[in-house]
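In what follows, a structure is listed as structure tokens, so that the remarks can point back to it.
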Amino acid sequence: MTGDQVREAFPVAEAHRVVAEVMRRFSAGDVVQPVRTVLGSGRDASLFAAMPCHVAGESDAGYGLKAVLHAPGNSARGLPTHVGMVVVFDPETAQPLAMINGAAVTALRTAAASAVATEALAAPGAGDLALIGAGTQARSHLLALRDIRPPRRVRLWNRGRPRAEEFVAWARAKAGLDVEVADTPADALRGADLVCTTVDTVEPVVTAADLADGVHINAVGSSVPGKRELDAAAVASCSVFVDSREGALRESSEIASPVEEGLVPEDRPLPELGEVLLGKHPGRTSPAERTLYKSLGMAAQDVASGFAVVRAARRLGIGTEVDFAC
């Protein structure tokens, strides 16, 4: 299925529902999911990741996998930097049900997870939004947050001003929102009570001094070891929530750096978002508390989304049918 077909079959509200439910299932023990395998050739900055899993449940459940190649050079080509596919299998016959555009699924489910985290963790009146980055994830996050927490104000910082201006025009036309372009990350973050960071960077662009008390942050851009959007002090100043505790401890430099610098103890609690949704953790406990959802992405989110896309595609009559058994 193409990206356009995925977006038709999987609107923002449905993505939100599916991701919230699979996060509950994951933290309840209804998902079998190894930590992803990531390969690099050592010849360039590309990375290949393979992520299988099984999701239990009455719907959006079964075996599946996501395979994705991260090609940073694609940004200059006007192409997605994450290219891949989601494959899901018929729970009864084991035949492949669908091969689905992975970039579209990734954009939708990642933003949906941030929207779920914002709903669960942000202060009730939060609505001053700072976006760090102006790529595909920034766009999908603005659409997802608009539906669950309409922003009063949106400020954007991006390394390149032309792409930031393109984002402003897109936001006005497609999201019905006015966006202010900031000169620095600190300018975008000043006073913001909602933050989404969506940049692929080794050097952190967010410091503790940039963050307002009571802010909620969705950090999604640094999804492999060695990458960080927030510095150690910024992370240490927040109550941190993760999608998978095992994945975060093994893969996130943002989780590791405050421990390595002696800012937080090694046994610092890392509650999962699913535990908050299940009522096993209270989430935010005070108005001034800074909360951080560190999103690494999970195969379970992709696979559950894949089954939901298949179900909707059949109802809508979209996609191309192939007899795999021949």
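The first residue in the sequence is number 1, and the count goes up from there. Atoms considered below: every heavy atom in the structure, side chains included; atoms not considered: hydrogens, waters and symmetry mates.
- The salt bridge (charged side-chain N to carboxylate O under 4.0 Å, His left out) pairs that include a residue from residues 17-32 are Glu14-Arg17, Arg17-Asp60, Glu21-Arg24, Glu21-Arg25, where partners are two or more places apart or lie in different chains.
- Electrostatic pairing of Asp183 and Arg161 counts as a salt bridge here, judged by a charged N lying under 4.0 Å from a carboxylate O.
- In this structure, the side chains of Leu177 and Trp170 stay at 4.5 Å or more apart for every pair of heavy atoms.
- Among residues at least two apart or in separate chains, salt bridge (charged side-chain N to carboxylate O under 4.0 Å, His left out) pairs with a member in residues 289-310 are Lys66-Asp302, Arg109-Asp302, Asp213-Arg290, Glu254-Lys294.
- No chain of hydrophobic side-chain contacts below 4.5 Å, direct or via other Ile, Leu, Val, Met, Phe, Trp or Tyr residues, connects Val240 to Met23.
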* Worked verdict on Leu273 versus Tyr293 for side-chain contact (heavy atoms from CB on, under 4.5 Å) -> CA-CA 8 Å; Leu273 178 58; Tyr293 171 54; 4.1 Å; yes
Using a 3.5 Å cut-off and no angle test, enumerate the donor-acceptor pairs between side-chain atoms of residues 120-132 and protein atoms at least two apart in sequence or in another chain.
residue, atom, partner, partner atom, Å
Asp128, OD1, Arg155, NH2, 2.9
Asp128, OD2, Arg155, NH2, 3.4

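- A donor-acceptor contact closer than 3.5 angstrom links the side chains of Thr118 and Asn218.
- Atom SG of residue Cys53 and atom OH of residue Tyr63 lie 10.0 Å apart, to the nearest 0.5 angstrom.
- Using a 3.5 Å distance cut-off with no hydrogens or angles, the side chains of Arg284 and Ser239 do not pair a donor with an acceptor.
- The shortest side-chain heavy-atom distance between His16 and Leu108 does not fall under the 4.5 Å cut-off.
- Note on Val195 and Leu230: same hydrophobic cluster, where clusters join Ile, Leu, Val, Met, Phe, Trp and Tyr whose side-chain heavy atoms are under 4.5 Å apart, directly or indirectly.
- The distance from atom CE of Met85 to atom OG1 of Thr106, rounded to the nearest 0.5 Å, is 12.0 Å.
- Within the 4.5 Å cutoff, no side-chain heavy atoms of Asn101 are placed close to those of Met1.
- Note: the hydrophobic cluster containing Val276 does not contain Val242 (ILVMFWY, side chain heavy atoms under 4.5 Å, direct or indirect links).
- Distance check, rounded to the nearest 0.5 Å: CD of Glu266 to CZ of Arg268 gives 13.0 Å.
- With salt bridges taken as basic N to acidic carboxylate O contacts below 4.0 Å, one links Glu275 and Arg245.
- In this structure, Val220 and Ser114 have side chains that are in contact, with non-hydrogen atoms separated by less than 4.5 Å.
- Between the side chains of Thr197 and Glu229, at least one donor N or O lies within less than 3.5 Å of an accepting N or O.
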* **Lys227 and Asp200: CA distance, side-chain angles, deciding distance, salt bridge (charged side-chain N to carboxylate O under 4.0 Å, His left out) verdict** => CA-CA 7 Å; Lys227 302 292 183 73; Asp200 180 28; 2.7 Å; yes
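- Arg153 has a carboxylate O that lies under 4.0 Å from a charged side-chain N of Glu180, or vice versa, which qualifies the two as a salt bridge.
- The OG atom of Ser244 sits 9.5 Å away from atom CZ of Arg250, with the distance rounded to the nearest 0.5 Å.
- Note: the hydrophobic cluster containing Leu143 also contains Leu145 (ILVMFWY, side chain heavy atoms under 4.5 Å, direct or indirect links).
- Using a 4.5 Å cut-off on side-chain heavy atoms (C-beta onward), Leu296 and Arg36 make contact.
- Between Arg172 and Asp178, at least one side-chain N (NZ, or NE/NH1/NH2) sits under 4.0 Å from a carboxylate O, which counts as a salt bridge.
- No hydrogens or angles considered: nothing links the side chains of Ser252 and Arg228 as a donor-acceptor pair under 3.5 Å.
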* Asked: Can you check side-chain contact (heavy atoms from CB on, under 4.5 Å) on Trp157 and Leu189, steps first, answer last?
  -> CA-CA 9 Å; Trp157 174 82; Leu189 293 162; over 6 Å; no
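- Ring pair His281/Phe241: centre-to-centre distance below 6.0 Å.
- In the model, Gln137 has a side-chain atom that pairs as donor or acceptor with a side-chain atom of Ser140 under 3.5 Å.
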* To do: Test Phe10 against Val18 for side-chain contact (heavy atoms from CB on, under 4.5 Å), laying out the working first.
  => CA-CA 10 Å; Phe10 202 44; Val18 169; 4.0 Å; yes
* Would you please test Thr291 and Ile217 for side-chain contact (heavy atoms from CB on, under 4.5 Å) and show each step? => CA-CA 6 Å; Thr291 56; Ile217 309 150; over 6 Å; no
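- Using a 4.5 Å heavy-atom threshold, the side chains of Val68 and Val83 count as separate.
- Side-chain contact check for Gln33 and His54: no donor-acceptor pair (N or O, by modelled atom type) lies under 3.5 Å.
- With respect to Glu272 and Lys280, no salt bridge is recorded, no charged nitrogen being found less than 4.0 Å from a carboxylate O.
- Proximity of Arg152 to Asp193: side-chain heavy atoms (C-beta onward) are separated by under 4.5 Å at one or more points.
- With rounding to the nearest 0.5 angstrom, the CZ atom of Arg190 is 8.0 Å from the CG atom of Asp210.
- Of all heavy-atom pairs spanning Ala300 and Val22, the tightest one is O-CG2, 3.6 Å.
- Considering only heavy atoms from C-beta on, Leu156 comes within 4.5 Å of Phe167 through its side chain.
- Hydrophobic clustering, with ILVMFWY side chains joined whenever heavy atoms are under 4.5 angstrom apart, groups Val6 together with Phe307.
- Ser46 and Asp44 share a side-chain donor-acceptor pair at under 3.5 Å.
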